[in-house]
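Notes follow once the structure below has been shown.
Within every chain, numbering begins at 1; the chains are lettered A, B, ... in the order of the sequence lines, protein sequences first and strands thereafter. Below, each value reflects all heavy atoms present in this structure, side chains not excepted, and no hydrogens, waters or symmetry copies. Since the structure is predicted, the reported quantities are computational estimates derived from the model, not experimental observations.
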There are 2 protein chains.
Amino acid sequence: MKSKATVTIRDVAKVAGVSVATVSSVLNENYHTRVSAETRKRVLQVVQELGYRPRRVAQGLRKGMTYLIGLAIPLQPDPPLSPFFYDAVAGALKATKEKGWMLSILGFKDRTEELALLQKAVSQRLVDGVLLFDPQENDPRLPLLKGNLPFVVLGRTDDPEIYTVDNDNVEAAKLATQHLIRLGHKRIAFVHIPLSYFTAKDRVEGYRQALMEAGLPFRKELLVEVKGYYGAEVGYHAFLSLLERLKEPPTAVLAMDDTLALGCLQAAAEKGFKVPDDLAVIGFNDSAFSAHCEPPLTTVRIFADTLAFYAADMLLRLIQGEVVIPSRITVPTQLIVRKSCGAMR
Amino acid sequence: MKSKATVTIRDVAKVAGVSVATVSSVLNENYHTRVSAETRKRVLQVVQELGYRPRRVAQGLRKGMTYLIGLAIPLQPDPPLSPFFYDAVAGALKATKEKGWMLSILGFKDRTEELALLQKAVSQRLVDGVLLFDPQENDPRLPLLKGNLPFVVLGRTDDPEIYTVDNDNVEAAKLATQHLIRLGHKRIAFVHIPLSYFTAKDRVEGYRQALMEAGLPFRKELLVEVKGYYGAEVGYHAFLSLLERLKEPPTAVLAMDDTLALGCLQAAAEKGFKVPDDLAVIGFNDSAFSAHCEPPLTTVRIFADTLAFYAADMLLRLIQGEVVIPSRITVPTQLIVRKSCGAMR
DNA sequence: CTGAAAGCGCTTACAG
DNA sequence: CTGAAAGCGCTTACAG
C-alpha cells in the first residue's frame with residue numbers, strides 16, 4: 001500500500017479550490033494574509049485528508065534555513081570518549097526539538113578534521129549554527145566561524161563577544177579540593193588534560209586557590225597532564241607515571257573526569273594502594289558508571305545536559321535573530337560524595 | 001571582515017562570463033554536458049577566487065534529497081543508556097561522512113514519541129532514510145516506514161524484505177554460556193531485557209542451547225527480565241530481586257549488557273558475594289568502562305560501530321537506488337575474558 | 001560546446 | 001479576503 005507520489009501544496013490547493021498562497025497562509029497561521037474562517041476550515045480539512053505536510057527542504061530554501069544545528073564533537077579515542085558528550089547530545093536535542101529544529105552530529109577525529117568540517121558547514125550552509133565544545137587558547141574555530149555562522153561555545157573564551165555556557169570550573173575544583181583538605185589531605189594530586197584547554201586551566205586554578213587559602217603549598221610535581229584527552233586508559237597511564245615518579249606518594253587525587261578517575265583507581269590498585277584508605281579519589285561529571293564503580297566514585301557533577309540545553313536554546317535564538325542577553329551563562333556544579341574520597345565509612 | 005552576502009552560482013557565472021548551467025556542469029563533473037577545457041579552467045578559477053560552494057539545501061530541493069540520514073535512538077533513562085548507542089553513532093557517522101551525507105539524531109523518550117518522530121520524518125521528508133535499533137515483535141515502526149522511507153534495522157526481524165544488520169546473538173550467548181559451563185558452573189542466571197526484543201529472545205535461546213547441549217537443565221527461575229531497558233540501576237534491582245527470590249543462589253550470571261552487569265556486581269557485593277570467587281559475571285558489549293571495573297568484566301564484545309557502519313552504508317545504497325545484496329548482514333561477536341568470570345586467577 | 005528555460009516545493013510581498 | 005507572480009539556489013533536459 002505505498003502512498004503515491006508525495007502530496008505537495010499544489011495538490012492541496014487544487015483539491016481545496018484555492019491558491020497555493022492561501023494554503024500556505026493557513027498552514028503558517030500567517031495572519032498578514034487574512035483568510036476567511038470558512039476557507040480556512042476547508043483547507044485544513046483537505047490537508048488532513050491528503051496527509052499533507054510541507055517539505056522541510058523547500059521551506060528551508062525559501063527561508064534561507066536548514067533547520068539544523070550542528071554539534072561538533074570528538075569521536076576519538078576509541079573506545080569512546082567521556083559520557084559527558086552524550087549527556088550534552090541529549091540536552092541539545094531537547095532544546096532543538098522544542099523549537100522544531102533538528103540536530104546533526106559533526107563528528108571528527110582530530111582538530112584538523114574539525115576545522116575542515118566547520119569550514120564546510122559554513123560554505124555549504126549545512127547547518128544554521130553550531131555548538132562548540134572545550135575551547136582552547138587561540139582557538140582557530142572561533143575566527144573561522146565569527147561573522148559567518150552563529151555559534152555558542154560550551155566553555156569559556158577570552159572574547160567577550162562570543163556566546164558561552166559554562167560551569168564555574170574554578171569554583172568546582174575549589175570545592176572538591178576543599179573537601180579533601182577538610183578530610184585531612186595535604187598532598188593532593190591532580191590529573192588533568194592539557195592546560196591549553198580553559199577547562200583545565202580553570203580547574204587547576206580552583207585547586208590552587210583552595211590550597212592557598214588553606215595555607216598549603218601548591219606543588220607542581222603533584223600535577224600530571226595526560227597524554228591525550230579523556231578516557232580510563234589515559235588516566236591510568238598518567239597516574240601510574242605520577243606514582244612512579246614521586247618519592248612521597250599523594251594521599252588524594254583529583255581527576256578531571258570520571259573516566260580519568262577510573263584509570264586512577266586502576267593504577268592505584270596496581271601499585272597496592274587501597275581506595276579510600278590509602279588514597280582518596282575524586283572525579284568530575286558524575287558519569288553513569290560512577291555510582292557503580294568499586295568503590296563508588298566521589299565526583300563533581302557537571303550538568304552537561306543542562307549546559308547543552310541552554311547552549312542550544314541560546315543558539316536557536318541567535319539564529320532566529322533574537323537579541324540574546326546575557327551572552328554568558330554559568331551553570332552550577334555539585335559535589336557528590338561517595339566512598340572513594342573516604343568521607344563515608 | 002565579514003564576507004558579504006553569500007556567493008551563489010549566478011555570481012560565479014557572471015564573473016566567469018558563462019551561464020549557470022555551465023558552472024553547474026563543471027562542478028558536478030557532469031560530462032553529459034561537455035565543457036571545453038578552457039572554459040572549465042576559467043570556471044574553476046572563479047569558483048576558487050569567490051570561494052563558492054553550492055548550497056546543500058538548494059541541491060537537495062532540486063534532487064529531492066536532504067542528504068541526511070536519521071538515527072532513531074532512545075534518550076532515556078537518565079542517567080543515560082548503554083554506551084552501545086554511542087559506538088553506533090560513531091560507526092554510522094563514518095559511513096555517512098565517506099559519502100558526503102550528514103547524520104541527524106532522532107532522539108526519543110519512549111516508543112510513542114519515536115513513532116511520532118518517524119511519522120514526521122516521513123511526511124516532512126526530514127531525512128532520506130533512517131536507522132532503527134532493537135526491533136521487537138510486531139514492531140509498529142516497520143509498517144509505518146515500509147514503502148515510505150528507506151530504512152535499515154540494526155537487529156533481526158521476521159520480515160525477509162527488511163534490510164538488517166545484526167550480531168549472531170544466539171551464537172554469542174551460547175559461547176558465553178559454554179565458557180561458564182566449562183568453568184564448572186551449573187546454575188547460571190540470566191539478566192535480560194524484555195523478551196519482546198529479538199535480541200533478548202535470541203540470547204536466551206543461545207543460553208538455552210548451551211545448557212541443553214551440556215546436558216544441564218534450563219531453569220526458568222534463573223532468568224530475570226529487567227523492569228525497563230539497560231542501565232546499571234536497572235540491572236542492580238533485577239539481580240538483587242533474583243538473589244532474594246532464590247533459595248539456592250546461582251554461581252554465575254550472564255547480563256545482557258555491561259551496564260546491567262555492573263548493576264549485578266553491585267547487587268552481588270551487597271549480598272556478600274565475592275566476584276569471581278562466589279559468583280562469575282559476564283556482560284555484553286565491551287563498553288569503555290568494562291576493562292576498568294573491579295573486577296574487570298568478562299564480556300561478549302559487540303562491534304556496535306561496525307554494525308552501524310554497515311547499516312548506514314547499506315541505507316545509503318538503498319537511498320541512492322542501488323541494488324543491495326545481501327539484504328541481511330551478520331557481524332561476529334567475540335568473548336573477551338577478564339577477571340569477573342573467574343577464568344583468570 | 002554552451003545557454004535559456006523549466007522546475008524542485010515552498011513563502012512572501014503585491015495587486016486586486 | 002484571495003490569487004498570480006517572483007524567487008530561494010540549484011540541476012537537468014533540451015535546443016542550438
Rounded to the Å, how far apart are Leu61(A) CG and dT11(D) C1'? 13 Å

Rounded distance (Å) that lies between atom P of dT11(D) and atom CE of Met65(B): 14 Å

Parallel, tilted or perpendicular: ring planes of Phe133(B) versus Phe85(B), cut at 30 and 60 degrees: perpendicular

If you check the Pro54(B) side chain, which of dT12(D), dC1(D), dC10(D) turns out closest? dC10(D)

Under 4.0 Å: is that the gap between some side-chain N or O of Ser36(A) and OP1 or OP2 of dC1(D)? no

Counting only Watson-Crick or G-U wobble pairs whose two distances fall under 3.5 Å, which nucleotide matches dA13(D)? none

Under-4.0 Å side-chain N/O to phosphate OP1/OP2 contact, Thr39(A) with dT2(D): yes

Tell me: CG of Leu27(A) to P of dT11(C), nearest whole Å? 7 Å

Is the distance from the ring center of Phe309(B) to that of Phe303(B) below 6.0 Å? no

Any chance the rings of Tyr163(B) and Phe151(B) have centres within less than 6.0 Å? no

Rounded interatomic separation in angstrom, taking NZ from Lys41(A) and P from dC1(D): 17 Å

Nearest to the Arg55(A) side chain among dT11(D), dC10(C), dT2(C), which nucleotide is it? dC10(C)

Describe the nucleic acid contact of Val18(B) in one word from base, sugar-phosphate, nothing, applying a heavy-atom distance below 4.0 Å. sugar-phosphate

For a quick test of reading the model: is some side-chain N or O of Arg62(A) closer than 4.0 Å to OP1 or OP2 of dA6(D)? no

Are the side chain of Ser24(A) and the backbone N or O of Val20(A) linked by a donor-acceptor pair below 3.5 Å? no

Rounded to whole angstroms, how far apart are CZ on Arg53(B) and P on dC10(D)? 11 Å

In whole angstroms, the gap separating P of dG3(D) from CD1 of Ile9(A) amounts to 12 Å

Closest to side chain of Lys63(B), choosing from dT11(D), dT2(C), dC10(D): dT11(D)

Ser19(B) side chain N/O closer than 4.0 Å to the phosphate oxygens (OP1, OP2) of dT2(C)? no

Interatomic distance where CZ belongs to Arg10(A) and P belongs to dC10(C) [whole Å]: 8 Å

Taking atom C1' of dC8(C) as reference, at what distance in whole Å does atom OH of Tyr67(B) sit? 12 Å

Taking the inter-plane angle between the rings of Tyr86(B) and Tyr86(A) on a 0 to 90° scale, is it parallel (under 30°), tilted (30 to 60°) or perpendicular (over 60°)? parallel

